[in-house]
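A short write-up of the structure that comes next.
When reading the values below, keep in mind they use all heavy atoms of this one structure, side chains included, and skip hydrogens, waters and symmetry mates. All of these numbers come straight from a predicted model, not from anything done at the bench. Letters A, B, ... mirror the listed sequences (proteins, then strands); counts begin at 1.
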Amino acid sequence: MSKDRIYRDYDFSAVEAKWQRVWDETGAFSVREEPGKPKFYLLEMYPYPSGRIHMGHVRNYSIGDVIARFKMMRGANVLHPIGWDALGMPAENAAIKHGIHPQTWTLDNIAHMRSQLRRMGFAYDWSREVNTCLPEYYTWNQWIFLKLFERGQAFRRKSWVNWCPDCRTVLANEQAAGGVCWRCSSPVEQRRMDHWFLKITDYAEELLSGHGELGKWPEHVLLMQKNWIGRSEGAYVDFPVPALDGRSIRVFTTRIDTIYGATFVVLSPEHPFSQALVGPADAPKLQAWVAELRAGSRLRAGEAETAKEGLDTGKTAVNPFTGEAVPIWIANYVLMEYGTGAIMGVPAHDARDFEFATQYGLPIPEVVVPETPSPDRKEDELFEGLGRLVRSGPFTGLASAEAMDKMAAHAEERGFGEKAVTYRLRDWGISRQRYWGTPIPIIHCPDCGTVPVPYDDLPVRIPHEAEFTGEAGSPLEKIPGFVDVACPKCGGPARRETDTMDTFVDSSWYFFRYASPAEDKLPFAREAAAYWMPVDLYIGGVEHAILHLIYARFFTKVLRDFGLTDRGEPFPHYLAQGMVTKDGSAMSKSKGNVVDPDEMIRNFGADALRLFILFASPPEKEFAWNEKGIEGCSRFLGRVWTLFREIEDGLSPAGAASGAHDPAAFARLRKKLHQTIRKVGEDIEKRFHLNTAISAIMEFANVLRETKDALAASAEGRDLLRRAVETLVLALAPFTPHVAEEMWGRLGKERLVLRAAWPSFDPALAEEEKATIVVEVNGKVRDRFETGRDASENEIKAEALALPRIRQLLAGRDVRKVVCIKNKIVNIVV
RNA sequence: GCCCAGGUGGCGAAAUCGGCAUACGCACGACACUUAAAAUGUCGAGGCCGCAAGGCCGUGCGGGUUCGAAUCCCGCCCUGGGCACCA
């Protein structure tokens with residue numbers, strides 16, 4: 001039999017299945033609270049059960065799995081759970097299209113995806129699996145909702161909301177950012193309807209200040225949240241309107257210091273005063289304008305700003321600082337949904353007002369000048385910076401910052417204004433007009449009004465029998481058995497709320513549920529959460545920066561205020577994982593560039609797939625799929641296996657170790673061994689740079705292969721070889737757990753490799769005993785030499801100057817300066 | 001337009017604190033094994049000039065600081081992402 005046949009005996013399908021079975025049967029990843037043992041809660045964003053896992057999941061979960069297994073080997077009590085974000089529209093769309101019940105569709109998908117995840121060998125505690133579409137889970141959505149309702153933090157209001165015509169439901173602001181639906185990218189419309197909101201704005205300030213605790217989040221994610229929350233400090237000022245019997249237009253401004261330059265007031269077309277202020281001739285025009293704005297005025301990403309258009313009402317308002325009457329305009333550039341829906345126009349110091357005033361010939365008086373005026377600045381030029389006040393009555397001469405304080409105080413004293421902070425963040429609209437979501441536990445009674453479902457009546461179950469036609473309206477409305485109920489208060493006939501909750505409600509607290517998934521008195525057990533929370537490391541895609549990641553922070557604060565937890569922040573450490581792309585764009589069905597993980601597992605095995613997806617780029621960066629790459633990783637595992645078997649065979653004849661080994665090879669391998677343990681551990685734990693950790697393991701395997709033949713002859717050499725092989729297996733264990741278990745077993749170990757301790761290294765043995773000194777002349781590398789480590793600067797200088805090549809180069813030139821850095825470099829300047 | 005991240009061989013990438021640029025891998029080439037191919041193994045390889053020794057150039061572009069810059073500073077270009085009338 002030829003040599004390569006002997007060693008080509010690794011059947012990854014069989015081996016992987018075998019160890020998955022062992023882990024499963026022994027409940028290898030089930031954990032309990034163990035006070036006294038350091039805990040580590042590692043979480044990856046749970047998947048939506050769309051049918052099959054995709055490469056994004058494989059990447060996300062492979063990164064997490066390496067860290068989970070590494071932490072286990074380091075002795076931590078690791079909670080690493082998984083579950084299903086199982087409510088949502090695709091299930092309902094499948095029902096409309098293929099006539100499958102959403103529940104059947106969802107549960108089938110989960111069963112399939114669960115088996116896919118098992119085949120990847122991920123170290124999950126399956127006993128804690130959470131499934132949000134089961135009443136055992138969503139009843140707690142309802143419980144939390146009722147608590148919020150009691151506190152006035154869940155409320156119903158008729159308002160303009162974002163409507164996605166394609167999804168036929170309302171969207172929260174976060175889900176309609178840029179004027180398009182987050183799910184299907186259709187332009188959203190504005191509709192006026194009854195809608196349930198959660199009062200996230202109560203927490204606006206804390207969501208912002210909490211960023212102080214999120215030092216281990218990527219900067220840009222915090223920035224996105226900060227921009228989304230959009231805090232701005234300023235003041236309200238009232239401009240009385242004689243034509244409205246002295247009622248006032250309240251404006252919000254961040255630049256009250258420029259108010260002496262306010263030469264007009266602008267209302268949003270939707271402002272409540274707009275109707276009253278336009279003459280009968282212009283009234284229809286205004287109405288048409290409003291309708292147009294509502295149909296689709298929101299800018300879509302990439303589109304230019306719409307041209308400014310204004311309408312002079314002919315009425316005036318009084319600037320309370322100057323006492324002068326200024327014209328009131330209505331214009332399309334003023335948003336009703338921010339501030340008060342009205343602004344003061346200060347054209348000299350605001351680019352938008354400047355543009356508007358120029359267009360309509362309004363005066364542009366300058367009231368703030370730069371502290372250090374540049375010589376080429378013209379008087380009528382726009383100046384938006386802070387400066388010093390001119391032509392501002394008693395405030396003339398003040399610096400902007402000081403003027404803002406004094407002027408706001410002045411307005412407050414006189415009763416026509418006050419300091420104010422506004423936020424861009426809006427309350428979270430959670431009503432969805434769809435079937436496959438958590439029913440909002442409310443009953444509408446003609447006599448008692450809006451009545452909460454009593455806690456004892458929870459859960460309000462999603463009725464199984466429903467018709468999925470795709471027609472307008474929620475399927476729930478057409479189910480009499482669901483809609484018609486008795487009022488819990490008066491017992492009279494009443495109507496059940498048919499809106500269901502946004503599925504982002506589910507994901508806002510699922511990480512608490514994992515701590516005690518079977519708890520049936522509360523959403524989760526306080527003690528279990530106190531032990532496990534917070535999540536020590538959260539990993540997932542950055543597309544949720546202002547969606548899930550802000551809602552989850554909000555819910556955590558709410559649950560804290562309910563007294564269920566002490567934690568205010570759920571995820572002190574968030575690792576934003578990069579996208580998976582192929583041929584330059586994100587993998588998607590519509591692009592037709594999807595790579596199926598199942599096929600890769602079949603062809604190369606889960607270990608090779610895991611290794612490749614981690615090796616090709618660091619976690620936070622984009623990962624470009626490349627067919628050849630996985631072949632390379634598969635080959636590497638083949639080489640490791642061959643190497644392992646060769647050493648195993650070489651070590652087996654017991655009495656053969658009577659000769660001598662090569663001391664150079666011995667030193668080289670021993671040093672590499674200690675260096676590898678150090679590097680792999682640091683790369684995983686400190687930087688999450690799994691790609692460089694893997695390359696270090698590859699280097700180690702290469703050195704092992706190169707030195708093994710020179711070591712097998714002596715007992716000492718064989719000890720080192722054995723130690724090296726064990727280290728190789730331990731280092732691979734977090735990355736390629738199946739092949740590692742297989743080799744570990746063959747090394748005669750009785751416990752699983754995942755129970756083995758991460759190896760330790762000797763820092764002294766990891767140090768290079770020699771240093772290569774680079775010799776530069778005028779900054780150019782000319783020669784190099786080896787010397788003992790930590791040779792003094794004088795020693796290396798002398799040695800460098802004595803090198804024949806250097807002496808030749810320096811002949812006839814004056815040495816002006818010699819820079820020596822220990823263990824590194826000698827630079828000779830001539 | 002504003003904000004953020006990035007730009008290094010043919011490709012994915014590395015260089016962790018200002019000190020050998022291109023580790024590790026892919027693709028490529030030569031060789032060995034083979035009747036042959038595949039697989040596997042060994043060796044090579046930034047570009048240009050040169051038989052070679054060696055020299056010059058080189059981390060998007062231009063400048064600067066420094067004995068020394070992929071790394072720090074200034075300006076610009078390009079790519080990706082976010083926000084986009086937020087008063």
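Nucleotide rG1(B) forms a Watson-Crick or G-U wobble pair with rC83(B), both donor-acceptor distances falling under 3.5 Å. Of the nucleotides present, rG55(B) is the one that pairs with rC48(B) by Watson-Crick or G-U wobble criteria, both distances under 3.5 Å. In this structure, rC72(B) forms a base pair with rG64(B), meeting either the Watson-Crick or the G-U wobble geometry with both donor-acceptor distances under 3.5 Å. Pairing for rG18(B) is absent, with no Watson-Crick or G-U wobble pair whose two atom distances lie under 3.5 Å.
One finds no side-chain N or O of Arg782(A) lying less than 4.0 angstrom from the OP1 or OP2 phosphate oxygen of rG54(B). Distances shown here put a side-chain N or O of Arg424(A) below 4.0 Å from the OP1 or OP2 atom of rA84(B). Look at Asn691(A) and you'll find a side-chain N or O under 4.0 angstrom from OP1 or OP2 of rA14(B). Residue Arg687(A) places at least one side-chain N or O closer than 4.0 Å to OP1 or OP2 of rA15(B). One finds no side-chain N or O of Asn227(A) lying less than 4.0 angstrom from the OP1 or OP2 phosphate oxygen of rA84(B). OP1 or OP2 of rC24(B) has not a single side-chain nitrogen or oxygen of Thr692(A) nearer than 4.0 Å. Listed pair Arg635(A) / rC26(B) meets the phosphate criterion, a side-chain N or O lying under 4.0 Å from OP1 or OP2. Contact annotation: Lys780(A) reaches the phosphate of rC57(B) (side-chain N/O to OP1 or OP2, under 4.0 Å).
Side chain of Asp257(A) to backbone of Ala403(A): no donor-acceptor contact under 3.5 angstrom is found. A donor-acceptor pair under 3.5 Å is formed between the side chain of Thr340(A) and the backbone N or O of Ala342(A).
Residue contacts shown for Val334(A) include a base, since a base heavy atom lies under 4.0 Å away. Within the nucleic acid shown, Arg639(A) comes within 4.0 Å of sugar-phosphate atoms alone, with no base atom in reach, counting heavy atoms only. Counting any heavy atom pair closer than 4.0 Å across all strands shown, Asp350(A) reaches no nucleic acid atom. Residue contacts shown for Arg426(A) are absent, as no nucleic acid heavy atom lies under 4.0 Å away. Residue Asp353(A) is out of contact with every strand shown, counting any heavy-atom pair closer than 4.0 Å. As judged by a 4.0 angstrom heavy-atom cut-off over every strand, Pro218(A) is placed among residues making no nucleic acid contact. No contact: Glu682(A) has no heavy atom under 4.0 Å from any strand. Across all strands, Gly339(A) comes closer than 4.0 Å to no nucleic acid atom at all (heavy-atom distances). Backbone-only engagement by Lys621(A) is indicated by non-hydrogen atom pairs under 4.0 Å involving sugar-phosphate atoms exclusively. Within 4.0 Å of Thr340(A), counting heavy atoms only, lies no atom of the nucleic acid at all. Nucleic acid contact class of Ala616(A) (heavy atoms, under 4.0 Å, all strands): sugar-phosphate only. Note on Ile825(A): a base of the nucleic acid sits closer than 4.0 angstrom, heavy atoms only.
A donor-acceptor pair shorter than 3.5 Å cannot be found between the side chains of Glu309(A) and Gln359(A). Looking at Gln225(A) and Arg553(A), their side chains do bring a donor and an acceptor atom within 3.5 Å of each other.
Taking the centre of each ring, Tyr423(A) and Trp228(A) stay at or above the 6.0 Å mark.
Out of rC83(B), rA87(B), rG25(B), the shortest distance to the side chain of Asn702(A) is found at rG25(B). Set against rA87(B), rA13(B), rC24(B), the side chain of Tyr338(A) has rA87(B) as its closest nucleotide.
In this pair, Phe356(A) and Trp329(A) present their aromatic rings perpendicular. The plane angle is above 60°, beyond the 30 to 60° band. Ring geometry for Tyr260(A) against Phe321(A) counts as perpendicular: the plane angle is over 60°, on a 0 to 90° scale with 30° as the lower cut.
Atom name P, nucleotides rG12(B) and rG60(B): the rounded distance is 14 Å, in whole Å. rG9(B) and rA23(B) have their C1' atoms separated by 13 Å, with the value rounded to a whole Å. Across rG62(B) and rC11(B), the matching C1' atoms stand 29 Å from one another, rounded to whole Å.
The base of rC20(B) lies outside donor-acceptor range of the side chain of Lys824(A), with no N or O pair under 3.5 Å.
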